[in-house]
Amino acid sequence: MKAIVLAGGSLEDPFAKRFGVATKALVPFRGRPQVEYALEALASNGLETIFIGPEAELNPAPKTCLPDQGSMIANLEAALNAVGPAGGREMVVVTSGDMPLITEKAVRFVIENAPRAALVYSIVRKEEIEKNFPGMRRTYARLREGSFTGGNITLLDPWLFLPALPLAKKAIALRKNPLALARLIGLDVLLGLLLGKVALAGLEARVSKILRIPARALVVPYPEVGIDMDSEEDLAWLQKRLPTKEP
């Protein structure tokens with residue numbers, strides 16, 4: 001199985017500039033670039049990694065390195081194309097490069113428990129985050145089953161997901177236009193999310209309809225999947241509350 005690590009970003013990102021690195025994925029945490037924790041967790045599960053981002057010496061070294069294409073979707077498209085026909089119909093693991101607490105066990109759980117779908121996106125319960133990382137600020141969506149934050153690990157079927165990329169691009173482009181986004185997602189779903197009345201199965205069905213591919217969510221009991229470090233505030237919080245660990 002292959003894995004894609006999305007480590008691109010803007011050269012003007014204030015977090016990256018603060019540490020003199022090209023992207024936030026290279027910001028140091030506990031003595032090493034934070035993206036190395038994702039690379040290590042993936043390699044420990046036997047996954048071949050495709051790293052897409054700035055040129056850097058990393059340990060463990062990715063199997064393939066691709067240059068940043070300028071946006072998350074463009075990077076994902078380039079990496080999926082790099083998987084190529086050799087990937088067959090095997091699912092591909094996609095992670096962000098800014099989750100320094102990720103573990104081998106958490107990655108293995110996602111791989112072993114993912115439902116059958118073209119897109120499987122991880123989510124973490126609010127209770128798991130607050131129990132293990134009290135005070136860590138996250139964004140949550142209220143569903144009938146509870147409040148969840150999005151995880152930083154996704155599984156994709158490249159053959160089915162690549163044709164859906166234009167629709168994904170459209171949804172992302174509309175994220176700052178509430179009216180247009182409501183027309184795309186459905187005002188009923190947006191209102192239901194605000195009121196906590198949308199069931200997880202209903203949300204899966206709507207995402208599947210928008211992207212025209214089977215999409216499922218996976219509730220992950222490992223809170224580190226929902227923790228990223230993309231600001232100085234996150235870094236300060238982690239440094240203050242986690243014990244020092246030498247690389």
Side-chain angles (χ1 to χ4, degrees), residues 1-9 21-69 72-73 75-84 86-115 117-124 149-159 161-162 216-230 234 238 245 247:
M1 181 179 280
K2 291 182 170 59
I4 295 168
V5 179
L6 301 174
V21 293
T23 68
K24 62 185 179 182
L26 300 180
V27 169
F29 181 72
R30 294 181 172 181
R32 61 195 300 199
Q34 64 165 327
V35 70
E36 289 189 354
Y37 296 101
L39 292 171
E40 189 170 70
L42 295 167
S44 296
N45 280 282
L47 277 64
E48 294 185 7
T49 53
I50 298 173
F51 173 89
I52 185 157
E55 186 175 343
E57 291 187 12
L58 299 169
N59 182 29
K63 179 75 172 181
T64 304
C65 294
L66 300 174
D68 189 353
Q69 302 297 306
M72 182 185 70
I73 288 292
N75 284 343
L76 178 58
E77 184 173 17
L80 288 174
N81 283 322
V83 172
R89 292 305 302 272
E90 193 172 45
M91 297 290 281
V92 174
V93 178
V94 180
T95 78
S96 67
D98 60 350
M99 48 176 180
L101 304 183
I102 193 62
T103 62
E104 176 186 350
K105 289 174 61 178
V107 172
R108 187 183 308 121
F109 178 90
V110 175
I111 294 172
E112 293 180 349
N113 292 276
L119 165 64
V120 179
Y121 46 97
S122 59
I123 58 176
V124 182
T149 190
N152 295 298
I153 304 178
T154 302
L155 268 71
L156 301 174
D157 179 335
W159 288 77
F161 188 78
L162 274 169
R216 296 283 304 279
L218 173 66
V219 180
V220 179
Y222 292 90
E224 57 266 33
V225 172
I227 298 293
D228 50 40
M229 189 178 80
D230 59 7
D234 291 339
L238 290 169
K245 178 181 178 181

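- L6 has its side chain out of reach of S96: every pair of non-hydrogen atoms, C-beta onward, lies at least 4.5 Å apart.
- Summarising the geometry, atom CD belonging to E77 is positioned 10.0 Å from atom CD1 belonging to I52; distances are rounded to the nearest 0.5 Å.
- Under the 4.5 Å side-chain criterion, counting only non-hydrogen atoms from C-beta, L238 is in contact with P100.
- Between L66 and A82, the shortest heavy-atom contact is CD1-CB, 3.8 Å.
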Item to complete: Apply side-chain contact (heavy atoms from CB on, under 4.5 Å) to V35 and D98, showing your working.
Response: CA-CA 6 Å; V35 70; D98 60 350; over 6 Å; no
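- Contact record, N152 with G226: ND2-C, 4.0 Å, taken as the closest heavy-atom pair.
- Across every non-hydrogen atom of V5 and G97, the tightest pair is CG1-CA, 4.1 Å.
- Distance check: M229 CE to M99 CE gives 13.0 Å after rounding to the nearest 0.5 Å.
- Interatomic distance, E112 CD to L218 CG, rounded to the nearest 0.5 Å: 11.5 Å.
- Considering every non-hydrogen atom in both R108 and N45, the closest pair reads CB-OD1, 3.3 Å.
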Item to complete: Please test L42 against T95 for side-chain contact (heavy atoms from CB on, under 4.5 Å), starting from the C-alpha separation and ending with a verdict.
Response: CA-CA 9 Å; L42 295 167; T95 78; 4.1 Å; yes
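- Considering CZ of R30 and CG of L101, their distance stands at 6.5 Å, rounded to 0.5 Å.
- The cationic atom of R216 (NZ for Lys, CZ for Arg) does not lie both less than 6.0 Å from the six-membered ring centre of Y121 and within 45° of the ring axis.
- Rounding to the nearest 0.5 Å gives a distance of 14.5 Å between CG of L39 and NZ of K63.
- Side-chain atoms of E36 never come within 3.5 Å of backbone atoms of L58 as a donor-acceptor pair (strictly under, hydrogens ignored).
- L156 CG to I4 CD1: the interatomic distance, rounded to the nearest 0.5 Å, is 7.0 Å.
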Practice prompt. List the steps and the verdict of side-chain contact (heavy atoms from CB on, under 4.5 Å) for D157 and W159.
Written response: CA-CA 6 Å; D157 179 335; W159 288 77; 3.5 Å; yes
Item to complete: Decide yes or no on side-chain contact (heavy atoms from CB on, under 4.5 Å) for I123 and T149, but give the supporting numbers first.
Response: CA-CA 6 Å; I123 58 176; T149 190; over 6 Å; no
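- At least one side-chain heavy atom of V120 sits less than 4.5 Å from a side-chain heavy atom of P115.
- A side-chain donor-acceptor contact under 3.5 Å links Q69 to the backbone of P67.
- Annotation for P223 and V124: closest pair CA-CG1, 3.9 Å, computed over non-hydrogen atoms.
- Between T49 and F51 the shortest side-chain heavy-atom distance does not fall below 4.5 Å.
- Taking 4.5 Å as the limit, some side-chain heavy atom of M1 sits within range of a side-chain heavy atom of I111.
- With Y37 contributing its side chain and R32 its backbone, the two residues share no donor-acceptor pair below 3.5 Å.
- Taking a cutoff of 4.0 Å between a charged side-chain nitrogen and a carboxylate oxygen, K105 and E224 do not qualify as a salt bridge.
- With a 4.5 Å cut-off on side-chain heavy atoms, N75 and D68 count as touching.
- Listed here is the closest heavy atom pair of K24 and Q34: O-NE2, 2.7 Å.
- I102 places a side-chain heavy atom less than 4.5 Å from the side chain of V225.
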